[in-house]
Amino acid sequence: MSGVWVFKNGVVRLVENPANEQSSTVRRKVLLHTPTNEVINSYASLERKLTSLGWERYYEDPDLLQFHKRSSIDLISLPRDFSQFKSMHMYDIVVKNRDSFRVIDM
């Protein structure tokens with residue numbers, strides 16, 4: 001049993017996917033491109049930023065968007081659907097591009 005226990009209006013209940021709950025306590029994470037202060041809101045925008053940093057797109061897996069940097073062994077793998085782009089994917093990008101991205105609460 002995984003999830004978050006939520007206490008609301010005197011009732012405690014288990015929320016298995018808190019990201020889907022409409023609550024004032026749940027904050028949405030977004031990926032911020034720090035040089036421009038631009039919030040990344042699409043894969044097209046993200047791909048432009050990554051390409052300018054030397055990342056190349058791989059087209060081998062149709063279910064994923066993948067980027068590789070020739071100068072390293074790093075690989076960024078993202079779900080094809082942007083609505084499935086989660087904070088773990090954002091942090092993966094941040095770790096591999098420390099000076100260019102960060103994750104913030106919206």
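These numbers come from a predicted model, not from an experiment. The figures that follow rest on heavy atoms only: side chains count, while hydrogens, waters and symmetry mates do not.
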Once rounded to the nearest 0.5 Å, what's the spacing between atom CH2 of Trp55 and atom OG of Ser72?
5.0 Å
Would a 4.5 Å heavy-atom cut-off, applied to side chains only, mark Leu32 and Asn37 as touching?
yes
Any side-chain heavy atom of Asp74 within less than 4.5 Å of one from Phe67?
no
Do Lys69 side-chain atoms and Leu53 backbone N/O form a donor-acceptor pair below 3.5 Å?
yes
Kindly indicate whether the side chain of Ile76, heavy atoms from C-beta on, has any atom under 4.5 Å from the side chain of Ile93.
yes
Before accepting this row, confirm whether a basic side-chain N of the pair Arg57/Glu47 lies closer than 4.0 Å to the acidic partner's carboxylate O.
yes
Any side-chain heavy-atom pair from Phe85 and Leu31 closer than 4.5 angstrom?
yes
In terms of relative ring orientation, are Tyr43 and Phe82 parallel, tilted or perpendicular, with 30° and 60° separating the classes?
perpendicular
Does this structure show an ion pair linking Asp105 with Arg28, if we count only N-O contacts that are shorter than 4.0 Å?
no
Taken to the nearest 0.5 Å, the spacing of Tyr91 OH from Lys29 NZ works out to 4.0 Å
Can you check side chain to side chain contact (heavy atoms under 4.5 Å, CB included) on Ile40 and Phe101, steps first, answer last?
CA-CA 10 Å; Ile40 303 300; Phe101 293 98; 4.2 Å; yes
Let me confirm one number: the CG-OH distance from Leu64 to Tyr58, rounded to the nearest 0.5 Å.
13.5 Å
Taking Asp92 for its side chain and Met88 for its backbone only, find out whether a donor-acceptor pair lies under 3.5 Å.
no
Which atom of Pro62 lies closest to which atom of Arg80, heavy atoms considered:
O-NE, 2.8 Å
Is it possible for you to say whether Leu46 and Val30 belong to one hydrophobic cluster, with membership spreading through side-chain heavy-atom contacts below 4.5 Å?
no
Separation between CD (Glu38) and OG (Ser45), nearest 0.5 Å, reads 4.0 Å
Would you check if the side chain of Ser52 reaches a backbone N or O of Lys49 as a donor-acceptor pair within less than 3.5 Å?
yes
Value for CD (Glu56) from CD (Gln66), rounded to nearest 0.5 Å, stands at 13.0 Å
Gap between atom CG of Leu65 and atom NE2 of His89 - 0.5 Å precision
10.5 Å
Shortest non-hydrogen contact from Pro35 to Ser100?
CD-O, 3.4 Å
